[in-house]
Amino acid sequence: MDNHIPEACIVLFGATGDLAHRKLYPALFQLYQKEKLNEKFAVIGVGRKDFSHEKFREDVIASVAKTGDFPSEKVDTFASHFYFIPMDVTNEKSYHQLKELADELDSTYSLNGNRMYYLAMAPQFFGTIPTFLKSEGLTETSGWQRLVIEKPFGHDLASATELNEQLQRSFPEESIYRIDHYLGKEMVQNIQVIRFGNAIFESIWNNKYISSVQITSSETLGVEDRASYYEKSGAILDMLQNHMLQMAMMVAMEPPGGLDPKLIRDEKVKVLRALRFYNEDEVAKNIIRGQYKEGSMNGKTVPAYVDEENVDPASKTDTFVAARIFIDNFRWAGVPFYLRTGKRMATKATEIVVQFKNGPMALYHEHNDHYQPNLLRIHIQPDEGLSLSLNAKPQGDFPALLPINMNYCNNCQNELNTPEAYEKLMHDCLQGNSTYFTRWDEVALSWEFIDGITNAWKNKDIPLFKYSSGTMGPLEAEELLNEDGYTWWPPTNVRNEINQ
Ligand code: BG6
C-alpha cells in the first residue's frame, strides 16, 4: 500500500459534538504534527450551532490543547485549515452553501476534488446526509469521495439493510468506511502480525492445541448521559455485535493470501459464515445477560442501572453480556470462544486469552496446585502487549512447579506515543485503505447472529441476572465457563483482590 496521503477536504458532520472534540480533532492534529496529513487539506465543520470560522477554530484549538502541551504556532496553523457551516442537514437547500464552500476550498488548497465525508452524527441522519450529498452535486468532483460512518449501523438486520441500501444509492460499497474503533486499536491490529508473522503460533493455532479462547472488554463507567441510546441498545448491540465479534474474527480468521484489504476482509467474513447460530433454547444456555445493581467503586457507592438518569426504573436492558460461541470450521470445531463485556465492572480492560490444551502425559500437572495451563494473553488496553504463561521448575525443591510469565509491552516500546484508534483509522481512510473498516457482508452476518439472540430474549422468559457494580458480572457468567471446566482469566477472586 502506497504511504502517500493525498490532498483532501474533510467534511465533518457533527462538528460541535462530543466525538469530534474528544477524538477527531486531537487525532487529526496528531496526523498533522507527525506530517502524516498532506499540507493541502481543509476541514469543513458542519453543525447546528451558529459558529463563525473563528469561533470554530478556537473550539478546535481548545480540544487539541486538552490532549497535550503543543507549540501554539503549530496548533494555530493547523486550526487555520478549519471552516464552519451552520446547517440543518435535513434541509436540502443548505447543501448548496456547503457545496460552494467545498468548491472554493478545493481551489484555494488545490485539493483535486478529493473529499472525505465523516458522519459523527446521531444515526437517524445517516441515510439523509449521503442522499443529499449526491442529489445536491457535492459528490460530482474529479477526485475520490469517501463516506465514513460511525456506529450504530442499524439496530437489527432489517434496519441495517435499509440503511445500507440507502447509502449505496449515493456511495458504492468501496467508498463506504464503516467505523469500528476497536479495529483501530494497536493491539487488535497486532493480532494479525503475531499470528501470521510467527510460525510458532500459527502452527498450534487450532483445535488440536487450543482448548478455548476468551475475550473480555470490561468497563468501569456506567451508562453516563447516554441512557436514551443505551436503553435501546444494551451491551449486546453496543459492544457484542461489533467490537467483540470483530476481535473474535481477528483471532479466528485464516491467513489471508496477501495484505490487500479485500483478502483480509474475505477471511474475516468467513469466520462469521462459520459461526453457529443459536435457536431460542440454545440462546438461553449459551448467552448470559446481566444488569448492574448498586455497588461500590473506588470506595464510593454508585447507583443501580435502573436508578440512573433517564433510565426506566423497570428497565430490562442488559448492561452485561457473556456469550459462548462456536466457529464450526476445520480449525475451530469444538473450541468454545467466550466473549464477555459490561459496564460498571471491576476494571477497565480489554484482553484476549488463548488457553492451550495440557500436554498428553500428566507428568507435571496432575495433583499439582501450581500448574497453570499455557495462556497467551493479548492485552489490548489499557496496557498493550503480550504475555505467555509457562510452567517452570523453581530453584531447589523439584518437582514443584512455578508458573512464569514472559511479557512484551507494546506501549512501553513506543513510549507514550501509541497512536489512538481514530488517528489510525482517519489516516487509513485518507489513504484509501479499508482493511480495518467493516464491510457490509460482515455487518449483515453479525446482525443476523445477534438478531437470533435478541429475538430469543424477547420471545422467551430468559433471565436478566443482576450483578453488583464493581464486580466482574453475575455469577452465572462464571458458571458458563465452569460447566466446561474453565474459568475466566484472571479468576474472579484474584481480580477482586486486585481491586480492593
Ligand atoms: C463504544 C460504546 O463503541 O465503545 C461505548 O458505544 C463504550 O458504550 C466504548 O464505552 C468503549 O470503547 P473503549 O475504546 O473505551 O474501550
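Read the numbers this way: they start at 1 and go in the same order the structure lists the ligands and their atoms. On a predicted model such as this, the values are computed, not experimentally measured, just so you know.
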For this session: Can you tell me which residues line ligand 1 if we count any heavy atom under 4.0 angstrom from one of its atoms, in chain and number order?
Result: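 The answer is Lys151, His181, Tyr182, Lys185, Glu219, Arg226, Asp238, Met239, His243, Lys343, Lys348, Gln381, counting any residue whose heavy atom sits under 4.0 Å from ligand 1.
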For this session: With rounding to the nearest 0.5 Å, note down the distance linking CE in Met239 to OG1 in Thr341.
Result: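 These two atoms lie 3.5 Å from each other.
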Do [X] and [Y] have a side chain donor and acceptor closer than 3.5 Å?
X      : Y      : answer
Arg146 : Ser175 : no
Gln168 : Trp440 : no
Gln355 : Tyr338 : no

Problem set entry | With sequence neighbours excluded, residues passing salt bridge (charged side-chain N to carboxylate O under 4.0 Å, His left out) with Glu150 |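 Glu150 satisfies salt bridge (charged side-chain N to carboxylate O under 4.0 Å, His left out) with no other residue.
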Exercise. With under 30° as parallel and over 60° as perpendicular, where do the rings of Tyr32 and Phe29 fit, or are they tilted in between?
Worked result: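 The arrangement is tilted - the two ring planes meet at 30° to 60°.
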